[in-house]
Amino acid sequence: MKKSLLAAAALLATFAVTETKAQGIRLGLKGGANLSNLSGDLANKDGYDYKVGFHGGLMLNIGLVDDGFLSLQPEVLYSQKGYKYDSNQAFGTFRREGDVTYNYIDVPVLLKVKAGNLFFEAGPQYSYLLKVKDESTRTLNGTLINRTQAEKDLSNVNRNEFGYVAGLGFQSDSGIMLGVRYNGALTDFAKNDSYNNGELTNARNQVFQVSLGYLLPSR
């Protein structure tokens with residue numbers, strides 16, 4: 001599946017280059033930090049909090065007009081999402097704490113508007129879930145009774161996710177970029193109530209990103 005995603009992204013970039021006959025085509029690298037959580041109509045919503053992850057990968061900037069004002073930018077990124085949780089049950093005697101990490105391949109296709117050194121970007125995003133890792137502890141009256149570090153079964157989750165991206169940033173004349181983004185999912189994470197005891201039935205991913213990147217000079 002990962003090879004298929006990379007191939008699809010490469011074909012998309014090739015098609016875009018052919019169709020637009022753009023003068024400026026620049027390959028780049030980027031990476032940075034994620035701040036992620038779940039949105040939606042969640043049971044026990046107060047028990048979920050933001051967690052920190054990272055992202056990184058390749059981007060291809062394809063100029064649509066000669067002055068660089070408008071361009072198309074497809075990307076292929078590895079991205080860590082997920083959440084932290086802390087819930088109390090049985091009048092506070094039983095406590096469950098954890099850190100859940102979702103590992104995704106993200107393929108955003110963005111329309112980028114650049115005015116001077118500032119830019120705005122927005123567009124759709126396809127994501128494929130690689131794995132989910134749950135690191136949690138359970139305590140009873142403050143005493144540890146169980147610790148888990150395991151990959152979770154993916155049969156009851158939607159591994160294919162569709163969403164949107166919007167962001168802004170600064171790009172120097174040399175190609176160094178600093179940007180911030182918001183990623184929102186349109187696809188529910190869980191397929192049905194069977195996953196996670198029904199707590200995530202209407203949950204969707206949301207991610208804030210800060211990125212540092214570099215675009216190689218165009219030919």
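Model, not experiment: these values are computed from the prediction.
Apart from V165 itself, the hydrophobic cluster it occupies contains L110, where clustering links Ile, Leu, Val, Met, Phe, Trp and Tyr at side-chain heavy-atom distances under 4.5 Å. Grouping Ile, Leu, Val, Met, Phe, Trp and Tyr by side-chain contacts under 4.5 Å, direct or through others, puts L29 with L58.
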task: Show the numbers, then the answer: is there a side chain to side chain donor-acceptor pair (under 3.5 Å) between S79 and N34?
output: CA-CA 8 Å; S79 185; N34 287 352; 2.8 Å; yes
field: Residues D49, N37; criterion side chain to side chain donor-acceptor pair (under 3.5 Å); working and verdict
entry: CA-CA 6 Å; D49 203 356; N37 200 354; 4.8 Å; no
Check against side chain to side chain donor-acceptor pair (under 3.5 Å), T187 and N158: CA-CA 8 Å; T187 306; N158 290 308; over 6 Å; no
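Residues passing the side-chain contact (heavy atoms from CB on, under 4.5 Å) test with Y78, sequence neighbours excluded: F54, Q80, N103, I105, L130. In this view, K30 and E75 satisfy the salt bridge (charged side-chain N to carboxylate O under 4.0 Å, His left out) rule, not counting sequence neighbours. Listed by chain and residue number, nothing satisfies the side-chain hydrogen bond (donor to acceptor under 3.5 Å, both in side chains) test with Y164 (two or more places apart in sequence, or in another chain). D99 is linked by a side-chain contact (heavy atoms from CB on, under 4.5 Å) to K51, K84, T101, counting only residues two or more places apart in sequence or in another chain. Shown here are the side-chain contact (heavy atoms from CB on, under 4.5 Å) partners of K114, two or more places apart in sequence or in another chain: F119, Q171. Applying the side-chain hydrogen bond (donor to acceptor under 3.5 Å, both in side chains) test to D67 and every residue at least two apart in sequence or in another chain returns nothing. Taking A166 as the reference, A122 meet the side-chain contact (heavy atoms from CB on, under 4.5 Å) condition, with sequence neighbours excluded. Residues satisfying the side-chain hydrogen bond (donor to acceptor under 3.5 Å, both in side chains) criterion with R26, sequence neighbours excluded, are absent altogether. With sequence neighbours excluded, the residues that form a side-chain hydrogen bond (donor to acceptor under 3.5 Å, both in side chains) with S71 are N61. Contacts of Y214 classified as ring pair (Phe, Tyr, Trp, His ring centres under 6.0 Å), with partners at least two apart in sequence or in another chain: none.
Note that CZ of F170 and CG of L178 are 9.0 Å apart. Values are rounded to the nearest 0.5 Å. Note that OG1 of T201 is 8.5 Å distant from CG of D188, once rounded to the nearest 0.5 Å.
Remark: D106 engages K81 in a salt bridge, criterion side-chain N to carboxylate O under 4.0 Å. A salt bridge links K131 with E151; the closest basic N to acidic carboxylate O contact falls under 4.0 Å.
Of all heavy-atom pairs spanning S155 and K191, the tightest one is O-NZ, 3.6 Å. Considering all non-hydrogen atoms of both residues, P74 and I62 come closest at CD-CD1, 4.2 Å. Counting all heavy atoms, side chain and backbone alike, R181 lies closest to P108 at NH1-CG, 4.3 Å. Annotation for S127 and Y104: closest pair CB-CD2, 3.6 Å, computed over non-hydrogen atoms.
In the model, Y126 has a side-chain atom that pairs as donor or acceptor with a side-chain atom of N160 under 3.5 Å. A donor atom on one side chain and an acceptor atom on the other are not found under 3.5 Å apart for N205 and S36. For the residue pair N183 and Q206, no side-chain donor N or O sits within less than 3.5 Å of a side-chain acceptor on the partner.
A donor-acceptor pair under 3.5 Å is absent between the side-chain atoms of R204 and the main chain of S39, judged by distance alone.
No side-chain heavy atom of L215 sits less than 4.5 Å from a side-chain heavy atom of L27.
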